[in-house]
Asks: 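Got a structure for you, questions after.
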Amino acid sequence: MSSCPRASLISAALLTVFLALSAVCWAQVSHSEQVQVRPPLMRMVEPPKPDATVADLEARADQLRVEKLYLDALDYYRAAMAKEPNSARLLNKVGITELMMQRYHEAKKSFERAIKADRKYADACNNLGVVYYQEKKYGAAVKEYRRAIALDDASASFFSNLGAALFSKREFEPAVLAYQRAMEIDPDVFERTSRGGVQAQLPSPQDRARYDYTVAKLYAKMGFSDRSLEYLKKAMEEGYKELSNVYKDAEFAELRKDKRFTELMAAKTVVLPE
């Protein structure tokens, strides 16, 4: 008879341990889903010297921007602007720095000031388009990219950006033409520009898959088999529903002769979740 109270005590102790462990596990899960605010940006270098030249200040600011010391870079750009007011070049660089800091409102103003200072400054028009693109104002982005292209039609990145904005608007045919022109100017443009940036703006997995299929087709047309296969595999992984077109699209005619193409299409590709 005396064993029953003991058994109850043991059960109670085990329950207490179990609840304690459960609380610890729950706390770990809870912490894993919390968002931690980034520490504020801080100035890390000595302020600009009053007797420094514009060239020295600008060069130092460029270096600091590369090192991601954005507040310091802004200090040096603004010190340079104090000596060279209304410089479109410097205003554009200030805008780029603000854009990297995700200060889109300030960046927009800087690019607009740069354009006002020099109406033929294509880079500032393009960069203003980037601000609109990040804000998902694709129509306004398209307008700025086209303005940049009208001023300088030899920039692959301008056409690539235009393609991204048109793609995000689901205007696929003109987007393909813009991408094609970008690749004609610079076949490596997609390796340097932000594919992730385009992907982030596309709302559905099928749109992202279509983007990858489009890029695969363009690379195949230009004879870049390795890159075409890379993007084709991504389209497959993302569940592109019109993948059978790969057997009839003329752009893939040469790629279809490649053994790697046959192996890729024969492989059972798992669709990646969102």
Side-chain angles (χ1 to χ4, degrees), residues 88-89 91-93 95-96 98-100 102 104-105 107-116 118-204 206-224 227-228 230-232 234-235 238 240 249 251:
R89 182 188 74 260
L91 283 164
N92 184 58
K93 290 186 175 183
I96 292 170
E98 292 166 335
L99 186 58
M100 289 177 171
Q102 298 183 351
Y104 300 128
H105 183 69
K108 180 174 178 288
K109 285 187 174 182
S110 295
F111 294 135
E112 287 174 339
R113 287 181 61 195
I115 294 167
K116 186 176 180 179
D118 183 355
R119 295 288 181 185
K120 295 184 179 180
Y121 199 173
D123 285 350
C125 296
N126 172 75
N127 295 338
L128 180 57
V130 172
V131 174
Y132 285 127
Y133 181 82
Q134 292 297 332
E135 294 177 339
K136 299 189 178 182
K137 298 176 181 177
Y138 303 125
V142 167
K143 181 180 177 180
E144 293 304 326
Y145 294 145
R146 284 184 169 148
R147 179 156 63 148
I149 289 168
L151 294 168
D152 178 6
D153 63 358
S155 171
S157 62
F158 293 177
F159 283 99
S160 176
N161 288 344
L162 175 61
L166 289 168
F167 211 102
S168 295
K169 290 184 69 183
R170 300 182 64 81
E171 296 181 14
F172 299 123
E173 290 186 11
V176 169
L177 292 176
Y179 280 140
Q180 182 173 326
R181 181 58 186 143
M183 292 178 64
E184 288 170 354
I185 297 171
D186 179 7
D188 294 326
V189 64
F190 285 104
E191 304 305 307
R192 287 196 295 273
T193 55
S194 176
R195 174 181 179 274
V198 179
Q199 294 285 72
Q201 305 293 332
L202 300 178
S204 71
Q206 195 55 214
D207 284 342
R208 294 194 289 271
R210 182 167 188 161
Y211 168 83
D212 286 319
Y213 185 84
T214 298
V215 176
K217 186 190 290 189
L218 290 171
Y219 273 131
K221 183 178 181 179
M222 296 190 69
F224 293 93
R227 293 178 185 173
S228 179
E230 175 190 346
Y231 278 89
L232 190 58
K234 289 173 183 175
E238 289 160 352
Y240 186 54
D249 285 338
E251 291 86 350

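Along the sequence shown, residues carry numbers from 1.
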Asks: Taking the side chain as everything from C-beta on, heavy atoms only, tell me whether Leu162 gets closer than 4.5 Å to Arg146.
Replies: yes

Asks: Is there a side-chain contact between Lys217 and Val176 (heavy atoms, below 4.5 Å)?
Replies: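 SC-SC contact between Lys217 and Val176 ruled out.
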
Asks: When you check the gap from the basic side-chain N to the acidic O, do Arg227 and Glu230 get nearer than 4.0 Å?
Replies: no

Asks: Do Gln180 and Lys221 have side chains that approach each other closer than 4.5 Å (heavy atoms only, starting at C-beta)?
Replies: yes

Asks: Under 4.5 Å between any side-chain heavy atoms of Tyr145 and Val130, yes or no?
Replies: yes

Asks: So, Asn127 side chain and Asp123 main chain: donor-acceptor pair closer than 3.5 Å or not?
Replies: yes

Asks: Do the non-hydrogen side-chain atoms of Glu171 and Val142 ever get within less than 4.5 Å of each other?
Replies: no

Asks: Determine whether Phe159 and Leu177 satisfy the following criterion, side chain to side chain contact (heavy atoms under 4.5 Å, CB included), listing intermediate values before the conclusion.
Replies: CA-CA 9 Å; Phe159 283 99; Leu177 292 176; over 6 Å; no

Asks: Indicate the atoms forming the closest heavy-atom contact of Ala141 with Ala165, along with that distance.
Replies: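 Smallest interatomic distance, heavy atoms only, reads CB-CB, 4.3 Å.
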
Asks: Considering the options Lys116, Lys109, Lys108, which one meets the salt bridge (Lys or Arg N to Asp or Glu O under 4.0 Å) requirement together with Glu112?
Replies: Lys108

Asks: Going by the angle between their ring planes, with limits at 30° and 60°, are Phe172 and Phe167 parallel, tilted or perpendicular?
Replies: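 It falls in the perpendicular class, over 60°.
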
Asks: Do Tyr133 and Tyr138 make the cut of ring centroids closer than 6.0 angstrom?
Replies: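 Yes: the rings meet the under 6.0 Å criterion.
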
Asks: Would you sort out whether Cys125 and Leu151 count as a side chain to side chain contact (heavy atoms under 4.5 Å, CB included), showing the intermediate values?
Replies: CA-CA 9 Å; Cys125 296; Leu151 294 168; 4.0 Å; yes

Asks: Whether the side chain of Tyr240 engages the backbone of Tyr211 through a donor-acceptor N/O pair (distance < 3.5 Å, no angle test) should be reported.
Replies: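 No, because the side chain of Tyr240 does not come within donor-acceptor range (under 3.5 Å) of the backbone of Tyr211.
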
Asks: Would you indicate whether the side-chain heavy atoms of Ile185 and Phe158 approach each other to under 4.5 Å?
Replies: no

